[in-house]
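This report concerns only the one structure given below.
Order of listing sets the numbers, starting from 1, for every ligand and every atom in it.
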Amino acid sequence: MKNYLDCRKEYDKNKLIEAAEYIKNGKLVLFPTETVYGIGADGFNSEAVKNIFIAKGRAQDNPLILHVSNIEMVEDIAEYITPLEYEIMDKFFPGPLTLILKRKGIVPDVVTASLDTVGVRMPANKIAHDLIELSGVPVAAPSANVSGKPSGTNVQDIFSELKNRVDYIIDGGDTLVGLESTVIRVIDDEIHILRPGKITEKDLKVLGKKVIVDNHVLKIVNDNEKVLSPGMKYKHYAPDTKCLLIYSEDEDKLINKIKEYESNNTLIITKESHLSNFKNAISYGETLEEISHNIFKILRQVDKMNVSLVIIEGVNPEGLGLAIMNRLIRACSHNYVKI
Ligand code: TXA
Ligand code: MG
């Protein structure tokens with residue numbers, strides 16, 4: 001394919017000059033970050049950003065994150081940054097964290113869905129960093145997927161879905177974390193987690209401030225309910241096949257409950273160590289890191305399995321487990337049995 005850059009084995013920054021030209025010229029570039037792939041465009045170019053929304057079929061009222069390569073870039077797009085917000089960036093940038101800041105007027109309305117804030121993230125992935133630096137502008141990028149589908153964690157999974165919707169593809173292999181960044185906002189010197197991720201409540205508590213997990217993280221958002229982050233309202237990560245999430249702290253109860261729902265027409269997604277309990281099962285790994293890394297890839301496979309129901313084993317919703325359960329509950333359209 002033309003406009004495909006393979007950085008899986010060898011990478012050097014000069015190879016990205018062409019991709020950066022695409023960004024500067026208002027085109028869309030698929031690129032890896034340490035969390036998931038993104039569909040990037042020049043964050044100062046309204047037309048280019050509009051094309052991201054079209055490419056994804058994304059709701060206009062769901063704002064995009066601006067990706068930066070240094071703190072000066074943050075100061076170009078955000079104002080009234082508080083000492084706590086600087087401390088957060090100092091400690092967690094670059095990394096899998098998005099900080100919602102007060103926006104400057106220079107940021108186009110289409111990026112922020114006309115909110116008075118802007119999501120800012122400095123990716124830790126070298127390719128992402130170099131692409132932003134060479135482009136010289138903040139790169140607006142949502143996760144790489146058609147809206148509603150699981151985010152892309154490798155190019156193969158999303159190639160046919162996105163190849164005609166982007167102008168340039170950078171292949172950096174599998175992403176490290178596998179789930180999107182933690183999204184936080186500081187309100188009255190307290191840290192609110194709006195979307196859980198690899199940076200956890202415990203990690204953020206190191207700053208000595210109150211950390212509040214938004215109560216929509218594991219719940220359905222009702223129509224007309226006011227939310228701190230528009231992304232909470234939308235359907236996410238869902239395969240076409242019906243999915244059911246089951247969780248119990250008690251391992252025996254959990255396995256027995258899954259068995260109750262098991263039939264000749266089900267697929268079970270479970271831990272490596274639980275595989276032998278079921279007939280038709282695949283593993284998502286054993287540790288929370290492995291599950292986080294693998295889950296979107298697996299959710300993208302289930303529609304090929306020709307079953308009428310997918311049963312997914314839940315995890316303890318603590319630490320990285322909270323981010324996993326936040327995604328799984330949505331993947332299962334809130335079809336959730338907890339015992
Ligand atoms: O890891 C990630 O964050 C990936 C990679 C590509 O960086 N990006 C990503 O973008 O997941 P997206 O657009 O799929 O999710 C961004 C989330 C959405 O839920 C959106 O509503 C929320 O962040 N968001 C963005 N700007 C916001 C703002 N100003 N206020 C509240 N929420 C915001
Ligand atoms: Mg997304």
Side-chain angles (χ1 to χ4, degrees), residues 28-41 43 49 52-53 55-69 77-78 92-104 107-125 127-129 131-132 138-153 158 161-162 166 170 172 175-187 192-199 214 216-217 221 226-238 292 296 299 323 326-327 330-331:
L28 305 190
V29 176
L30 183 80
F31 69 102
T33 80
E34 78 278 34
T35 56
V36 299
Y37 275 77
I39 303 175
V49 173
I52 297 180
F53 282 84
K56 279 195 64 133
R58 181 177 174 113
Q60 299 278 338
D61 70 347
N62 196 2
L64 303 182
I65 297 168
L66 288 182
H67 296 70
V68 299
S69 55
I77 55 182
F92 296 104
F93 279 9
L97 182 82
T98 296
L99 179 60
I100 308 293
L101 294 171
K102 188 107 181 75
R103 88 189 249 212
K104 275 190 176 165
V107 179
D109 276 344
V110 58
V111 170
T112 66
S114 302
L115 296 175
D116 59 1
T117 53
V118 59
V120 179
R121 165 158 137 72
M122 191 187 290
N125 177 292
I127 296 173
H129 171 90
L131 178 69
I132 300 161
V139 172
S143 54
N145 54 277
V146 165
S147 277
K149 292 284 149 209
S151 306
T153 56
I158 45 178
E161 186 172 308
L162 295 178
V166 299
I170 306 170
T175 62
L176 196 68
V177 178
L179 295 179
E180 307 86 346
S181 60
T182 307
V183 177
I184 63 168
R185 178 166 171 186
V186 176
I187 303 171
H192 291 252
I193 297 181
L194 309 184
R195 179 175 72 182
K198 171 84 178 152
I199 306 288
D214 191 278
H216 293 103
V217 159
V221 179
K226 205 170 167 335
V227 287
L228 277 173
S229 179
M232 291 169 171
K233 297 185 299 188
Y234 289 102
K235 186 170 179 260
H236 275 309
Y237 323 114
S292 156
F296 282 153
L299 286 175
N326 168 267
R327 307 317 191 268
R330 283 164 175 77

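Taking distance alone, with nitrogen or oxygen atoms compared against 3.5 Å, Glu180 stays at or beyond that limit from ligand 1. For the pair His67 and ligand 1, the shortest N or O to N or O distance falls below 3.5 Å. Looking at Thr117 next to ligand 1, an N or O pair under 3.5 Å apart turns up. Polar contact with ligand 1: absent for Val36 (N/O pair, distance under 3.5 Å).
Summarising the geometry of Gly178 relative to Thr153, their closest heavy-atom pair is O-CG2, 3.5 Å, with the distance given to 0.1 Å.
For ligand 1, the atoms lying closer than 4.0 Å to a non-hydrogen atom of Leu228 are 31 (C). Using a 4.0 Å cut-off to heavy atoms of Ile65, the atoms of ligand 1 that qualify are 3 (O), 8 (N), 9 (C), 10 (O), 16 (C). Shown in contact with Tyr37 at under 4.0 Å from a heavy atom are these atoms of ligand 1, numbered in order with element: 6 (C). Below 4.0 Å from some heavy atom of Asn62 lie the following atoms of ligand 1, by number and element: 18 (C), 20 (C), 21 (O). Counting the atoms of ligand 1 from 1 in the order shown, those under 4.0 Å from a heavy atom of Arg58 are 12 (P), 13 (O), 14 (O).
From Lys198, atom NZ reaches atom OG of Ser181 across 13.5 Å, with rounding to the nearest 0.5 Å.
Residue Ile100 places a heavy atom under 4.0 Å from ligand 1.
Residues Tyr237 and Phe296 bring their aromatic ring centres within 6.0 Å.
Using a cutoff of 4.0 Å between basic side-chain nitrogens and carboxylate oxygens, Glu34 and Arg121 are scored as salt-bridged.
Heavy atoms of Arg121 found under 4.0 angstrom from ligand 1 belong exclusively to the side chain.
Of all protein heavy atoms, the one lying nearest to atom 27 (C) of ligand 1 is Pro63 CG, 3.4 Å. In this structure, the protein non-hydrogen atom closest to atom 15 (O) of ligand 1 is Arg195 NH1, 3.1 Å. Nearest protein neighbour of atom 3 (O) of ligand 1, counting heavy atoms only, is Ser181 OG, 2.5 Å. The protein atom (non-hydrogen) at minimum distance from atom 23 (O) of ligand 1 is Val183 CG2, 4.0 Å. Of the protein's non-hydrogen atoms, Ser143 N, 3.7 Å is the one closest to atom 8 (N) of ligand 1.
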Under the salt bridge (charged side-chain N to carboxylate O under 4.0 Å, His left out) rule, what do Asp116 and Lys104 come out as? Steps first, then yes or no, please.
-> CA-CA 8 Å; Asp116 59 1; Lys104 275 190 176 165; over 6 Å; no
Before giving the answer on side chain to side chain donor-acceptor pair (under 3.5 Å), spell out for Arg58 and Ser147 the whole-Å C-alpha distance, their side-chain angles and the decisive distance to 0.1 Å.
-> CA-CA 6 Å; Arg58 181 177 174 113; Ser147 277; 5.4 Å; no
Going through the checks in order, is the side chain to side chain donor-acceptor pair (under 3.5 Å) test met by Ser151 and Glu180?
-> CA-CA 8 Å; Ser151 306; Glu180 307 86 346; 2.5 Å; yes
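In this structure, Asn145 and Glu161 have side chains that are in contact, with non-hydrogen atoms separated by less than 4.5 Å.
With Val120 as the partner, the side chain to side chain contact (heavy atoms under 4.5 Å, CB included) test is satisfied by one option alone out of Val107, Leu101, Ile65, Ile100: Leu101.
Between the Thr98 side chain and the Val183 main chain, no donor and acceptor come within less than 3.5 Å of each other. Between the Lys233 side chain and the Asn62 main chain, no donor and acceptor come within less than 3.5 Å of each other.
The option with the heavy atom closest to atom 22 (C) of ligand 1, from among Gly231, Ala113, Ser229, is Ser229.
Using a cut-off of 2.8 Å, one finds that Ser143 contributes an N/O/S atom close to the Mg ion (ligand 2).
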